[in-house]
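Following: one structure in C-alpha cells, then a few remarks.
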Number of protein chains: 2
Amino acid sequence: MTSADPVRRSTYRHGNLRQALLEAGLELARAGGHDAVVLREATRRAGVAANAAYRHFSDRDALVHAVSLAAMGELAHTMEAEQATLPPSTGPAEAARARFRAVGTGYLRFARTEPGLFRAAFYGRLDMTAAEAAESAGAGGLTPFQLLGAALDDLVACGVLPAARRPGAEFLAWSAVHGLAVLLVDGPLRAVQPDQADETTRLLLDMVERGL
Amino acid sequence: MTSADPVRRSTYRHGNLRQALLEAGLELARAGGHDAVVLREATRRAGVAANAAYRHFSDRDALVHAVSLAAMGELAHTMEAEQATLPPSTGPAEAARARFRAVGTGYLRFARTEPGLFRAAFYGRLDMTAAEAAESAGAGGLTPFQLLGAALDDLVACGVLPAARRPGAEFLAWSAVHGLAVLLVDGPLRAVQPDQADETTRLLLDMVERGL
DNA sequence: CCTCAATTGTGGACAATGTCCACAATTGCC
DNA sequence: GGCAATTGTGGACATTGTCCACAATTGAGG
C-alpha cells in the first residue's frame, strides 16, 4: 500500500499543492518518522508529477523541515491538551507545579502516542530558531519550548524555584524529558511496558523537580 | 571522495571480509551517522563486489546493527578513559561521586567528539540486549549501561544514594544525559558554543545528583 | 479583449542504492 | 582425489532524489 488517494483533478493547476505535499509528508512521517518522508510518494498522493514538488520545496530536506515544524506544532497541541486536563489545584504553588509536570507528561505522551511525528519533529537539521518558529506553535501561539519556559517562569513566580536556578533551567528539564522520550521511542527502552513507562515518567519528573 | 582505499587482492577469498565491512561501516558512521552507512560503499572500500556483503550480513540493517554495537563499545572506552583521569579523591564517598559524574561527562564527551558514532550507537533498531551485549563493552568488559549501573551501585554502597532510590535510577540518569547529548548532537542545541555546552553539562549533572 | 511573460506541472533521463538470481572460484572434509 | 559447502562475481530490477527541456495555464498591461 504505497500510494493512496490518487486524486484525479480536472484543472491543470493543483490549487494548493504545497499544503497537500505537507500533509502527505506528515502522514508519511506519522507512519515512519522523518526518513519515511519520501518526496515521490508525497507527490503521488497529491496526484501530481514528482517534479512538481520542486516548485514548492527546493529540496527533499525542505519538505522534511516543513514537516518537522508542523510536527512540533502537534506536540505543542498535545502539551496544551495535557495542561487543560489539570484539576483545580489547592494553591498557586501547587498549580504551577502541576502545569510544569504537565509539560513533561504531555511531551512524553506525544512521543509515545505519535512516535513517527516525534522523531520527525526533532531530526530535520534544526536549530533553536525552529524551536521558536511560529509554525511550531500550538493553539495558544507558544511552541513546546516556550510552553516549558512559561511553566518555569511560573515556578519562579510562585517561589517554588529559586530565581538563581532559573537561567538555563529549560535546557536541563528539556534534556531529561527528551532523553527519556528518545530512549522509549526508538532507543533501547522501546520494549518496556506502558505502565512501566508511566512509572519511569513519574520518577523522572520527581527527579527533575527535586534537582532543578 | 566516495570510495577510498580500493584494496586490490590476489586471493579470491578476502580472508576477513566481515571485519573489513564492519570497519568500513564504522568509518562511514563516524562521518555521517547511521544512515551514512551504505552497503555498497562499504564493499567498495573492502575491494569486493556489492553482493559479497550478503555472505556476512543478512541485510543492510544487520551491518548497521553491528556498527551500532561497535560504536557503543567505543563509547564504553571513552567513559573508561574519563574515569581513569580522575585525581585521587579525599574519601570513598567523594570518589564514588566523581566516578558517577565521569560516566556522564564521558558520555557527553563522546557524543560531542564523535557525533556520527554516537548517533550510530543509538539508532540501530536496538533494545536492551544491545545495551548488555559483549560487543558493546569496553576494555573492562562492561557496556556503557553497565558502567552506569556500577557507578550507581557505588553511590549506594558509600551511602550517597539511599538504597530506596536505587531501583530504576539508571534510566533516570541515562535519560538526562542522553537527552542533553541528543539535543547537542543533532537537536536544536547543535549551535551552542563548546564552553556553554560544558557548563550545561555541569549543571545537568548537578541536577541529577540532587534529584536522584 | 488580446498578448506575453511568469508561474506551475509534465515527461524523460541519470546516477545511486538495496536486493535478488544464477553462476564461478575456492576450500576443506571424507 | 572428488565433492559439497563456502565465499565472490556479474547482471538485473525497482525505487529514489534531482536535473533539463517543454507544455499548460494564469494574470497584468495595453
Side-chain angles (χ1 to χ4, degrees), chain A residues 1-25 27-29 31-68 120 123-125, chain B residues 1-25 27-29 31-68 120 123-125:
Chain A
M1 97 195 63
T2 63
S3 92
D5 202 271
V7 187
R8 235 178 302 279
R9 67 191 192 286
S10 50
T11 56
Y12 184 73
R13 301 294 173 89
H14 178 287
N16 202 1
L17 185 52
R18 189 194 153 91
Q19 185 62 22
L21 290 175
L22 216 189
E23 280 166 17
E27 254 185 78
L28 292 170
H34 64 297
D35 38 40
V37 177
V38 27
L39 215 158
R40 289 179 100 112
E41 176 63 18
T43 60
R44 239 172 269 139
R45 296 194 180 189
V48 98
N51 286 330
Y54 288 88
R55 303 293 176 189
H56 302 274
F57 297 97
S58 66
D59 223 314
R60 171 182 179 269
D61 263 13
L63 172 60
V64 172
H65 191 255
V67 169
S68 286
Y123 291 112
R125 293 269 160 268
Chain B
M1 92 194 69
T2 62
S3 92
D5 202 272
V7 187
R8 236 178 300 281
R9 68 188 192 287
S10 49
T11 57
Y12 184 73
R13 302 293 173 88
H14 178 287
N16 201 0
L17 185 52
R18 191 196 152 89
Q19 184 62 23
L21 290 174
L22 216 189
E23 280 166 17
E27 254 184 79
L28 291 170
H34 63 296
D35 38 40
V37 177
V38 26
L39 214 159
R40 288 179 102 110
E41 174 64 17
T43 60
R44 240 172 269 139
R45 296 195 180 187
V48 98
N51 286 330
Y54 288 87
R55 302 296 175 186
H56 302 274
F57 297 96
S58 65
D59 223 316
R60 170 182 178 269
D61 264 13
L63 172 59
V64 172
H65 191 256
V67 168
S68 286
Y123 290 114
R125 293 269 161 269

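Within every chain, numbering begins at 1; the chains are lettered A, B, ... in the order of the sequence lines, protein sequences first and strands thereafter.
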Any residue meeting side-chain contact (heavy atoms from CB on, under 4.5 Å) with [X], in chain and number order, not counting sequence neighbours:
X: B/A24; value: B/A42, B/R45
X: A/A31; value: none
X: B/D59; value: B/D61, B/A62
X: B/E23; value: B/Q19

Notebook entry, point to check: Could you state the interatomic distance from CG (B/L28) to CG (B/D35), rounded to the nearest 0.5 Å?
Noted result: 11.5 Å
Note to self: If the condition is ring-ring contact (aromatic ring centres under 6.0 Å, His included), which residues does B/H34 pass it with, not counting sequence neighbours?
What the structure shows: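 Partners of B/H34 by the ring-ring contact (aromatic ring centres under 6.0 Å, His included) criterion, ordered by chain and then number, come out as B/Y123.
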Checklist line | Under the ring-ring contact (aromatic ring centres under 6.0 Å, His included) test, residues paired with A/F57 that sit two or more places apart | finding: none
Next item on the list: Round to a whole Å and report the spacing from CG of B/L17 to C1' of C/dT26.
Entry: 15 Å
Checklist line | Heavy-atom contact window of chain B on DNA chain D, given 5' to 3' at under 4.0 Å | finding: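 With heavy atoms of chain B under 4.0 Å away, the range is D/dT6 to D/dA12.
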Margin query: Taking Watson-Crick (N1-N3 plus N6-O4 or O6-N4) and G-U wobble (N1-O2, O6-N3), each under 3.5 Å, can you produce the dot-bracket string of DNA chain C? Use [ ] for crossing pairs and | for inter-strand ones.
Written below: ||||||||||||||||||||||||||||||
Minimal non-hydrogen separation, [X] against [Y], with atom names:
X: B/L63; Y: B/L21; result: CD1-O, 4.0 Å
X: B/G25; Y: B/V37; result: O-CG2, 3.8 Å
X: B/A50; Y: B/L39; result: O-CD2, 4.1 Å

Check: Going by heavy atoms closer than 4.0 Å, what residues in residues 54-64 of chain A are next to DNA chain D?
Finding: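 Heavy-atom cutoff 4.0 Å gives A/Y54, A/D59, A/R60.
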Note to self: On DNA chain C, does the nearest nucleotide to A/R40 precede the nearest nucleotide to B/R13 from the 5' side, or the other way round? Give the residue.
What the structure shows: A/R40
Notebook entry, point to check: Between A/H14 and B/V37, who's closer to the 5' end of DNA chain C by nearest nucleotide?
Noted result: A/H14
